[in-house]
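Here is how names work: the chains are called A, B, and so on, in the same order as the sequence lines, proteins then strands, and each is numbered from 1.
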Amino acid sequence: MAITDIKEFAHLTAADIESLGRELDGIRLEVEDSRGIRDARYIRRTIRAQRLLELGGRLALFGSKYRPAWLIGTAMLSVSKIVENMELGHNVMHGQWDWMNDPEIHSVSWEWDQTGPSEHWKRAHNYSHHTFTNIVGMDEDVGFGILRMTRDEPWRPINLLQPIANVILAATFEWGIALHDLASARELEGADRRQLNSQANKDFARKVFRQVGKDFVLFPALTGPAWKSTLLANATANLTRNLWAYVVIFCGHFPDGAEKFTVEEYENETRHEWYLRQMLGSANFNSGRVMGFMSGNLSYQIEHHLFPDLPSNRYPQIAVKVRALCEKYDLPYTTGSLAKQYLLALRTIHKLALPDRFLRATADDAPETSSERKFRDAGAAVVETLRTDPVTGERRGLLWALRARAEAKIASRRRR
Amino acid sequence: MGLKNWVEAPAAAVVPATRSKLNWLRGAAARLTTPLLPDDYLHLANPLWSARELRGQIVEVRAETADSATIVIKPGWGFNFDYVPGQYIGIGLHVDGRWHWRSYSLTSPPNWDDKLISIAVKAMPEGLLSSHLVNGVPSGTIVRLATPTGNFALPDPPPERILFLTAGSGITPVMSMLRTMNRRGQLPDVFHVHSAPTDADVMFADELNRLHDEHADFRCKIQLTRSEGKFALSSLDEVCPDWRERQTWACGPLPMLDEIETLWRDENIEDNLHLERFAVSRADTSGQGGTVTFAKTEKTLSIDGATTLLEAGEKAGVLMPFGCRMGICQTCVVPILSGHAVDLRSGKQHAEGDRVQTCISAAAGDCTLDA
Ligand code: FES
């Protein structure tokens, strides 16, 4: 079973967790205090660049009968949609820019270029996902209710289709998100799914109508004889955005090392343990400035989960400090190349499509899910006795324990 | 819903209903620019082209005294110049990455001709925005505006006999009234007492003198408080014997207004009195909390400095939006209409015009929420 006792799993005492939490609070305060004109300029420039890109792309598509114009227009529109979705929509709605007190760049009023209404998304994402991150059964983003992403969930025959479901989800990601969010909006309203005229359904329908109308009817119609190629271009841009968003999200949550948690863990959690859960539950991928920007800085998923409402342009700088903290407390900092992280996620998707009898590892000790139980064989006292290395005096914690176990496993396999 | 309504719908909230053709165009454009509005693209070309919200551009900053200035603003699309002299306006200014909001009296007479408005600002010690406006704002700066409001206003036509009692920057709304009447050539019998510490502190001194010279009916008494002491209301009988029959407008520091109010009540003529209380409310930093008013539901509750605004709302029976209750989801964000709140995590102050996360904010003195 997933983690029930985060203290034991992290090899930290209550006091450790508190001091770690205080250090993280310190990072938050530092960033809050230094937010200013440069950050404001960053977001306003990003907004301007995105709008110009979109305008340019739409204009270029008037000539979309000609191949180069089609390519340029489609590329511009794709990039614009990606930026709009990741660096703008996602981050603005997290309240990252609310400190500017600008009514036009505010979580309360922002609407994004996606099928689902932003109100629905904020409920499902900002609230459910970010509060109950990776708690199996509470955070519906674990597999989005379609994929089985942890052995804690019982296998069902439908999971055999997981590889296909995954591809469909990737291609239609915005729709997957929209329906997912709609369900939680309905739940909030207390409306039955068969009640067609519920507010949630109406808001959803209105948004879908406008989105689809714009990309698939109005703009193609406007370009007249080029309507077919414009339609294709718009569809391509949406598809590109979907695939990219999907990859970024999956790399942030499903590579090995992004831990899952139980409801028991959540119920006994302190505020500082919440931090720790966010840290252990997310994964980063390596990125330079361009990749960071294009992913809405969600290549810093760990930092984002620790501080979802701090400005995204600060994540790289926060990451340096978080990394140092991980080192200090001997905690893993899960990261890797985009390809590696995605392949790990993909492996889990395919592996867990199979019934349990084909799986070797248990929910306590598998690459994608583990729990404190996997260390118990070494004795519960492990935390106390092994805190410092008797020879070097170095601090020992979770990372050390994970390495020790991995080495022991390899050794025993060799012996066999 | 007819076709016309359908097309106009997306822009309905942002364009005055009087301009139907424009609405139609905007609505149609909004269908294309969804989820944004055409405005969001028009901004790219000209920041004043916004119908989503009022904007303006500062065209001139003119010193009045050493620590006060007149700011002339050219409002953008959609500004209604039919305000009433004496009203004030909300102005939002971008300082260090944040938008700050304050209210200032309009000093300009309502005027559709040159399409300009003006406010007069006195720099307050520690007043971030006022100092910035008086000492540092370059012309050309784009500001946000809120529609003129307030019922400290001059009726049209003005009453035949008027008494103005002002002090310090309390003269600003009255200036708008004077200018309006002067402009319309209908300056009635006005007696104006204005107090300022020294000669150099008298805002609009030249203009007051000119009015005095040009209009026999306009009498202005300047009281220099540092040398002459406070203006004694008891001397009204002497300097303006018919004060009881005059419609009176008063604006200045709170103690002065309180004194005036008491006197008018004692004389049973409070119907003649119009007051503008421009108290700059300050945040109470003692951590004692305060009284929270929920404007929409008209409920109030006193809370200590540790109770969150969200809890306060729930206790008072107000339907407050909430989610995580720990400051991460932004579900609970509500605007402050007046007063101050403090972020319990960081200790940061929030003032009027800010939106706060109610689940992690407490009252810093009395405050009113838009909930
Ligand atoms: S309820 Fe989530 S931020 Fe206040």
Enquirer: If you draw a 6.0 Å radius around CH2 in W227(A), do more than 12 non-hydrogen atoms from other residues or ligands fall strictly inside?
Expert: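 Counting other residues, nucleotides and ligands, CH2 of W227(A) stays at 12 neighbours or fewer.
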Enquirer: Please classify the contact between T331(B) and chain A as side chain, backbone, both or neither, with a heavy-atom cut-off of under 4.5 Å.
Expert: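 For T331(B), side-chain heavy atoms alone lie under 4.5 Å from chain A.
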Enquirer: Please determine whether a side-chain nitrogen of the Lys or Arg among D33(A) and K348(B) lies less than 4.0 Å from a carboxylate oxygen of the Asp or Glu.
Expert: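 A salt bridge links D33(A) with K348(B).
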Enquirer: Please walk me through it: do R210(A) and R31(B) pass side chain to side chain contact (heavy atoms under 4.5 Å, CB included)?
Expert: CA-CA 7 Å; R210(A) 301 193 62 168; R31(B) 298 273 158 199; 4.2 Å; yes
Enquirer: Just so I understand: if I count every heavy-atom pair under 4.5 Å between each of D96(B), L36(B), T34(B) and chain A, which residue has the most?
Expert: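 Most heavy-atom pairs within the cutoff with chain A belong to T34(B).
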Enquirer: Quick one: what part of R41(A) sits under 4.5 Å from any heavy atom of chain B, side chain, backbone, both or neither?
Expert: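 Neither part.
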Enquirer: Name the region of W99(A), side chain, backbone, both or neither, that has any atom closer than 4.5 Å to a heavy atom of chain B.
Expert: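 Contact with chain B is through both the backbone and side chain of W99(A).
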Enquirer: What part of W274(A) lies closer than 4.5 angstrom to a heavy atom of chain B: side chain, backbone, both or neither?
Expert: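 For W274(A), the contact with chain B is made by the side chain alone.
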Enquirer: Name the region of H129(A), side chain, backbone, both or neither, that has any atom closer than 4.5 Å to a heavy atom of chain B.
Expert: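 Neither part, no heavy atoms under 4.5 Å.
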Enquirer: Quick one: of R35(A), H106(A), E111(A), who has the most non-hydrogen atom pairs under 4.5 Å with chain B?
Expert: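 Option with the greatest count: H106(A).
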Enquirer: Please rank S107(A), G95(A), P103(A) by heavy-atom pairs under 4.5 Å with chain B and give me the top one.
Expert: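 Between S107(A), G95(A), P103(A), the count favours P103(A).
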Enquirer: Whether R345(B) and D309(A) form a salt bridge (side-chain N of Lys/Arg under 4.0 Å from carboxylate O of Asp/Glu) is what I want to check.
Expert: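 Yes, D309(A) and R345(B) are salt-bridged.
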Enquirer: To the closest 0.5 Å, what do you measure between CZ (F307(A)) and CD1 (I328(B))?
Expert: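 One finds 12.5 Å between CZ of F307(A) and CD1 of I328(B).
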Enquirer: For residues Q357(B) and D98(A), determine if any side-chain heavy atom of one lies less than 4.5 Å from a side-chain heavy atom of the other.
Expert: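 No, side chains not in contact.
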Enquirer: Quick one, P35(B) and K214(A) - any side-chain contact, counting heavy atoms below 4.5 Å?
Expert: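 Result yes, sub-4.5 Å side-chain heavy-atom pair found.
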Enquirer: For the interface with chain B, which of L222(A), D102(A), L218(A) has the highest count of heavy-atom pairs at distances below 4.5 Å?
Expert: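 Max contact count across the listed options: D102(A).
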Enquirer: Could you tell me the separation between the CD atom of Q330(B) and the NZ atom of K122(A), rounded to the nearest 0.5 Å?
Expert: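 One gets 8.5 Å once the value is rounded to the nearest 0.5 Å.
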Enquirer: When rounded to the nearest 0.5 angstrom, what distance separates CD in E104(A) from CG in D39(B)?
Expert: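 Taking CD in E104(A) and CG in D39(B), the distance rounds to 8.0 Å.
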Enquirer: Specify the closest pair of heavy atoms between A40(A) and G97(B), including all atoms of both residues, with the distance to one decimal.
Expert: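 Nearest heavy atoms, A40(A) then G97(B): CB-CA, 3.6 Å.
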Enquirer: Check whether any side-chain heavy atom of N101(A) sits under 4.5 Å from a side-chain heavy atom of H100(B), and report yes or no.
Expert: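 Not in contact.
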Enquirer: Using non-hydrogen atoms and a 4.5 Å limit, figure out which bit of R28(A) sits close to chain B: side chain, backbone, both or neither.
Expert: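 Only the side chain of R28(A) comes within 4.5 Å of chain B.
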Enquirer: Quick one: OH on Y41(B) to CZ on R58(A), what's the gap to the nearest 0.5 Å?
Expert: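 The OH atom of Y41(B) sits 7.5 Å away from the CZ atom of R58(A).
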Enquirer: Could you tell me which portion of L32(B) (side chain, backbone, both or neither) has an atom closer than 4.5 angstrom to a non-hydrogen atom of chain A?
Expert: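 Contact with chain A involves both backbone and side-chain atoms of L32(B).
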Enquirer: Below 4.5 Å from any heavy atom of chain A, which atoms of R144(B) appear? Answer side chain, backbone, both or neither.
Expert: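 Side chain only.
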Enquirer: Just so I know, are the side chains of C324(B) and H130(A) near enough to count as touching, which here means a heavy-atom distance under 4.5 Å?
Expert: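 SC-SC contact between C324(B) and H130(A) ruled out.
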Enquirer: Which atom pair, heavy atoms only, marks the closest approach of F322(B) to R123(A)?
Expert: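 Of all heavy-atom pairs spanning F322(B) and R123(A), the closest is O-NH1, 3.0 Å.
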Enquirer: If you count heavy-atom pairs within less than 4.5 Å of chain B, which of N126(A), L52(A), D215(A) leads?
Expert: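 Option with the greatest count: N126(A).
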Enquirer: Is the number of heavy atoms from other residues, nucleotides or ligands under 6.0 Å of E187(A) CD greater than 12?
Expert: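 Counting neighbours around CD of E187(A), 12 or fewer heavy atoms of other residues, nucleotides or ligands fall under 6.0 Å, so no.
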Enquirer: Where on H350(B) is there a heavy atom nearer than 4.5 Å to chain A: the side chain, the backbone, both, or neither?
Expert: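 Neither part.
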